[in-house]
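Heads up: the structure comes next, in structure tokens.
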Amino acid sequence: MAEQDEYTIGRHLENQGISRRAFLKFCTAMASALALPPSAALAMASELPGKRRPSVIYMSYQECTGCLESLTRSFSPTLENLMFNVMSLDYDDTLQAAAGFQAEQAREAAMKANWGKYLMIVDGAIPNANNGYCTAAGKSALDSIKETAKGAAAVVAVGTCAAYGGLPLANPNPTGATMVSDIVTDKPVINVPGCPPIPAVITGTLAHFLTFGKLPELDHLGRPIAFYGNTIHDRCYRRPFYDQGKFAKTFDDEGARNGWCLYELGCKGPTTYNACATVKWNDGTSFPIESGHGCFGCSEPGFWDRGDIYKPLSAGLWHGNMAAGLGVAAAAGVAIGGVAAVTARRRQDNTTEKK
Ligand code: SF4
Ligand code: SF4
Ligand code: F3S
């Protein structure tokens, strides 16, 4: 154990032959992903080498693997950078080579060696209707998430399935799918929604915790404000057309060809909090609206049950959500313990909205 404690990030970098220059570049990428000033990169570069590599345990439940696919395609900082330079990914049932008892042993060993300190990442919703669903290695999803969360320092719910129940929770929800924060109620839970979330947003959130050892500032739905503080509409490059009342009416009309606003084609950008319009996808190449399709609100609770995605937002729904959005700033920094309750309430609001 003592030997493990001495195995710092600095020693690991040395063993991997990673130069100081490459490490500085990595710190700069992390600072920029977190929207921190350049001085933060220098602070990271001086503090990180003396720290121990934190253990990360990644658990997947009712999901489509899209979130993990997204994570492994991160450009800045890359998952490889995070894994090889900063964290020790001790268990991931999809990526690891080990299977069966070996895999279970790896998870149990990592939990024992890092009790109270490891970061748990979860993707997928948790089936709650029957304590037997999603059984792996003799343990149901419910039992395994509870067992693994017990020794975690914090839990990161990656993707809308883990954060809000996602697609598995869609009506009629036969498995009783629920969100991580409904099951894990005694640990901080960070929600990183999106279907899937932007890779740089996942790695940026992980980098923040791994670097500073604490949660980033969260909004009232448990999302990091650095990435979910604005709506897509707030930062959309088509916004000037919206303000001038220039709307595409079909996907192949003159307005669409001119790049006009997609509001009338069902864009949910005005009620959706995410960083797509600024961080974008594929190393900042594009995002759905830039590809000619409206946002359908994939980072918001209940988006799958809101009816026709091509129907424009009603004025009532829009104004209701804009008001809720204004509450985000006021509620910033809310105690993590309250997130589960607020999220559940919001989910109920969404159910009522769609009736
Ligand atoms: Fe798949 Fe979307 Fe769920 Fe991620 S959030 S597991 S991409 S359905
Ligand atoms: Fe807003 Fe969507 Fe129009 Fe962009 S395309 S300005 S997000 S309504
Ligand atoms: Fe999802 Fe809308 Fe971004 S659909 S990917 S939140 S533009």
Side-chain angles (χ1 to χ4, degrees), residues 58-73 94 121-127 134 156-170 175 177-180 191-202 223 227-228 230-249 251 255-256 258-282 285-304 306 309-313 315 317-318 321-322 325:
Y58 194 117
M59 308 292 289
S60 298
Y61 297 105
Q62 285 180 298
E63 44 82 40
C64 73
T65 321
C67 287
L68 188 62
E69 283 279 339
S70 179
L71 175 60
T72 53
R73 274 152 188 72
T94 312
I121 304 176
V122 177
D123 71 17
I126 320 301
C134 267
V156 183
V158 166
T160 305
C161 291
Y164 307 130
L167 202 57
L169 185 143
T175 63
T178 191
M179 62 192 80
V180 170
N191 288 330
V192 185
C195 187
I198 303 170
V201 169
I202 311 174
R223 307 174 287 200
F227 298 112
Y228 297 90
N230 294 104
T231 62
I232 305 287
H233 188 64
D234 287 334
R235 302 294 173 92
C236 180
Y237 75 103
R238 296 192 192 224
R239 179 66 182 266
F241 293 118
Y242 171 88
D243 292 336
Q244 293 163 36
K246 291 182 172 169
F247 301 103
K249 310 280 184 200
F251 284 106
N258 289 334
W260 291 356
C261 172
L262 302 169
Y263 178 82
E264 293 193 5
L265 291 171
C267 181
K268 308 292 183 289
T271 57
T272 303
Y273 288 82
N274 205 344
C276 306
T278 45
V279 177
K280 301 189 183 176
W281 296 75
N282 300 321
T285 305
S286 185
F287 73 113
I289 292 171
E290 207 167 334
S291 307
H293 194 284
C295 164
F296 58 85
C298 79
S299 57
E300 293 294 319
F303 81 93
W304 52 89
R306 288 194 177 191
I309 62 169
Y310 296 106
K311 233 173 154 175
L313 287 162
L317 176 62
W318 184 353
N321 277 282
M322 289 302 270

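Start at 1 and go down the list; that is how both ligands and their atoms are numbered.
Residue Gly269 places every heavy atom at 4.0 Å or more from ligand 3. Not a single heavy atom of Asp123 sits under 4.0 Å from any atom of ligand 1. Residue contact check for ligand 3: Ile289 places no non-hydrogen atom closer than 4.0 Å to it. The closest approach between Gly194 and ligand 1 falls below 4.0 Å for a heavy atom of the residue. Ligand 3 is never approached by Gly194 to a heavy-atom distance shorter than 4.0 Å.
Nearest to atom 4 (Fe) of ligand 2 among the protein's heavy atoms is Cys236 SG, 2.4 Å.
Contacts of Pro288 with ligand 3, taken as heavy-atom pairs under 4.0 Å, involve the side chain alone.
Every atom of ligand 3 with a heavy atom of Asn274 under 4.0 Å away is listed here by number and element: 6 (S). Remark: ligand 3 atoms within the under-4.0 Å shell around heavy atoms of Gly297 are 4 (S). Shown in contact with Thr272 at under 4.0 Å from a heavy atom are these atoms of ligand 3, numbered in order with element: 6 (S).
Residues Gln62 and Ala177 share a closest heavy-atom pair of OE1-CB, 3.5 Å.
Tyr58 places no side-chain N or O within donor-acceptor distance of the main-chain N or O of Asp123, the cut-off being under 3.5 Å.
Atom 4 (Fe) of ligand 1 lies at 2.8 Å or more from every N, O or S atom belonging to Cys195. At least one N, O or S atom of Cys276, from either the backbone or the side chain, sits less than 2.8 Å from atom 3 (Fe) of ligand 3.
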